[in-house]
Amino acid sequence: MAQQTETITSHTAKSVVTDSFNRTLDLRKRSRWGESIIQAILFFCGAVSILTTIGIVYELGKESASFFTTQLWEQTNRTLQGSIDEFTTEFDVSTTGFSMEAGDIIRIGEEAMQVVAFNEGEGIITVQRGAQETEITSHRKGEELFSSIRVSLVEFFTSTRWNPQIGYFGIWPLLNATLMTATTAMIVALPLGLSIAIYLSEYATTRARSILKPILEILAGIPTVVYGYFALTFMTPLLRSILGRDVVEIYNTASAGIVIGILIIPMVSSMSEDALSAVPRALREAAYGLGATKLETAIKVVVPAAVSGIVAAFIVAISRAIGETMIVAIAAGAGPNFTFNPFRPAETMTGHIVRISGGDLSYDSIDYNSIFAIGLFLFFMTLTLNIISQRVVRRFREVYE
Amino acid sequence: MSTNIFEDNTAQSEAFHSNLSSRHRSGRIWHFVFQASTLIGIIALTVLLLNVLDSTFGYIAVEDEINPADLAINGIPIEQLHQIDLVWILEQNVSKGLFRRLESEMPWEERTREEIYDLVVARVVNPTVVDTWSLRESIFNRNQVFQEAAEKYPGARVEFKSWLSSAFLATPQSPEPERAGVRTAILGSLWTIAITIVFAFPLGVGAAIYLEEYATDTPINRLIQTNINNLAGVPSIIYGILGLAIFVRALEKFTSGAVFGLVDPTTANGRTIISAGMTLGLLILPLIIINAQEAIKAVPNSLRQASFGMGATRWQTVWHHVLPNAVSGILTGTILAVSRAIGETAPLVVVGASTFITFDPDGPFSKFTTLPIQIYQWTARPQDEFRNIAAAAILVLLALLLSMNATAILLRNRYSTKF
């Protein structure tokens, strides 16, 4: 055996060697098909995550694009008062119905027209025929007028009304409600979560920690729908009995926000505690040596040293609060509502998606496309926050040996 | 010289001492604040659980359409009546159509006495819950509850009810809260989770093995790793929208089962268990990968080197040495990820859980509802009784999750190898 090894080592330069029994050993790298196939399969498993991301961006992007580009026709409740031929550019329409302005695109039958002037009182409309390269045809009395609506990005980001069915596409009522619940949640979760983290890492005995941490983990493992139930059946009645039934409505953003806050406390506390525990003991001992009290050590030495981890925890918590769905779907109320009063119902972005898709949603309807647009916006909001939090950790981390 | 220093010290020390008590005081106050915050976290958990228990049990006032005592034949109460007499009572008290329908479902001779007795109670006595009290009221204000019930509902009897019962677990959904159960929902949850595991476990572990054992530091591998970390932070509802677009709509032919000819192609749509399971699979994939990576990382490198030294290939090393040592960690992580999937509601609402089904799911291509969905729908109803059954369903869900987490902890303690 020893001899054999010797022979091989003495012939390392060669790839084909002969052992002491004159058997040849081929030491060249063999191509192993099985190994390569397995590696390819495993690579594919890893690539599925990339495919998921591509899928999210592509599907959300595609449907959002059709949300912003498709021309939708809305009933004006006006009809032609007399038949018109191919050359008429001024005709009577019924005097009641939705208003139109010069420049609007309207449609009668298959033909689109551009409004030049509109006399609302007498119901006389002047148009340019055959807009958008449609064929000019004659129309009979009683045909209906449709007006064109198109969702513009400007309207989406500036308007404060959301009602796709009748042509209002401002994201603000939904975004505002999301920001309100998230803010309320942060007001609850940040101070409590950080205090718990400081207590667990600086004050608690090992024994207390070993009991308290699992309890907080249980809090983190409870499904959000249970928190929704809790918000509706406990937090809302509690708020109503404290502040008065006429102040707080049954569905409100405050109670949803507070409960989201409770939901993310364990997340803030465990991430912050990890950061605090990573601060080396020497720093604490040095502070004690200079005569600092326990509080001064914690607040002036340990927390600043762990600040990158704590800030990252806060940002991830905000992102979680923004994406939280079931609590707001149950407790914050249905129907977009642009309000700054936390005790009134308002629908968040996530709540809206759940309510709209709860029924049988027909494909390619304006509602179907709108949930993708909202989803894309939500995706980028949370993605940005997550990336910022990773940057913060990398950039501001204090590295100790 | 030395006296100078001594004097300085006294001055400093005076300033130090005058300050000291206030520093200690603020130290104590903040200590209390930190402790109180922790306590609030614990209290929140306790209140949440108590709130659920509060609605699951409690007194109810029940009004019967017909007093069971009036149905007694020759002084024998219906509890003791013979099967034939019970059928006679049914025939006398329900409409002819209903009687025939019940008989055509299953002939009277084939039914047991208990089944017929239950039918008599449900169809003839027809008890309806007219009011409910919470557990808190039932324990602490017992007399007041009885008094209130006697005043408001003179004909009603007050009894203590546990909304969580074996009947609740065994009966399918019903529009009436007293007869509704979670059988369909539990089966739906189990089916969905089975699909999720079958889909996500191999993919997740495969990806983790690739990233830990095969991947070199190339841009594409770095991209995969960053991407997985980011996917873990995407809100669950986004996965629901993705599932709606891909599994429900784009792959409708497959997810509705039409490709396999399993269902009537005209009524099939993609809102099925398999769509839900795969959506949840995508959702927990990053969690499984990250957990499995941690488990694989924990296997010491010397093991791999020893295996390579013996001439094993990379896959042989992974399969025979790394995985057996990492398996408990991988399973623990997977169970934790799956227990997250069981509690997910929002993505399933978007994917299209059915609002009302009473039949058991019979395969991956049937319509579905799950426990959290059921809780959501019952919570959203305005009637009090639905809150009660929602609370009971929450207890079922929590029990399911708790047993899964306990399994995970046991696995970790039992099989984890220390290196």
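The shown structure was predicted, so the numbers you read here are calculated from the model rather than taken from an experiment. Protein chains get the first letters and strands the later ones, always in sequence-line order, with residue 1 at the start of each.
- In this structure, the portion of A:E63 lying under 4.5 Å from any heavy atom of chain B is its side chain and not its backbone.
- Using a 4.5 Å cut-off between heavy atoms, A:I38 touches chain B through its side chain atoms alone.
- Contacts of A:V303 classified as side-chain contact (heavy atoms from CB on, under 4.5 Å), with partners at least two apart in sequence or in another chain: A:I198, A:L276, A:I310.
- Looking at A:R320, there are no atoms closer than 4.5 Å to chain B (heavy atoms on both sides), in backbone or side chain.
- Under the 6.0 Å cut-off for aromatic ring centres, A:Y203 and B:F34 qualify, their centroids lying closer than that.
- In this structure, B:R23 pairs ionically with A:E296, as a charged nitrogen and a carboxylate oxygen lie closer than 4.0 Å.
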If you apply the rule side chain to side chain donor-acceptor pair (under 3.5 Å), what do you find for A:Q39 with B:Y214, and how did you get there?
CA-CA 7 Å; A:Q39 183 165 358; B:Y214 287 85; 5.9 Å; no

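- Residues passing the side-chain contact (heavy atoms from CB on, under 4.5 Å) test with A:T233, sequence neighbours excluded: A:Y229, B:N51, B:R387.
- Partner of A:Q390 under the side-chain hydrogen bond (donor to acceptor under 3.5 Å, both in side chains) criterion, out of B:N230, B:N229, B:T226: B:N230 alone.
- Chain A forms the most heavy-atom pairs under 4.5 Å with one residue out of B:L285, B:V47, B:L39, B:I289, and that residue is B:V47.
- Heavy-atom distances place both the backbone and the side chain of A:T293 under 4.5 Å from chain B.
- Ranked by heavy-atom pairs shorter than 4.5 Å toward chain A, the options B:L45, B:I209, B:V318 are led by B:L45.
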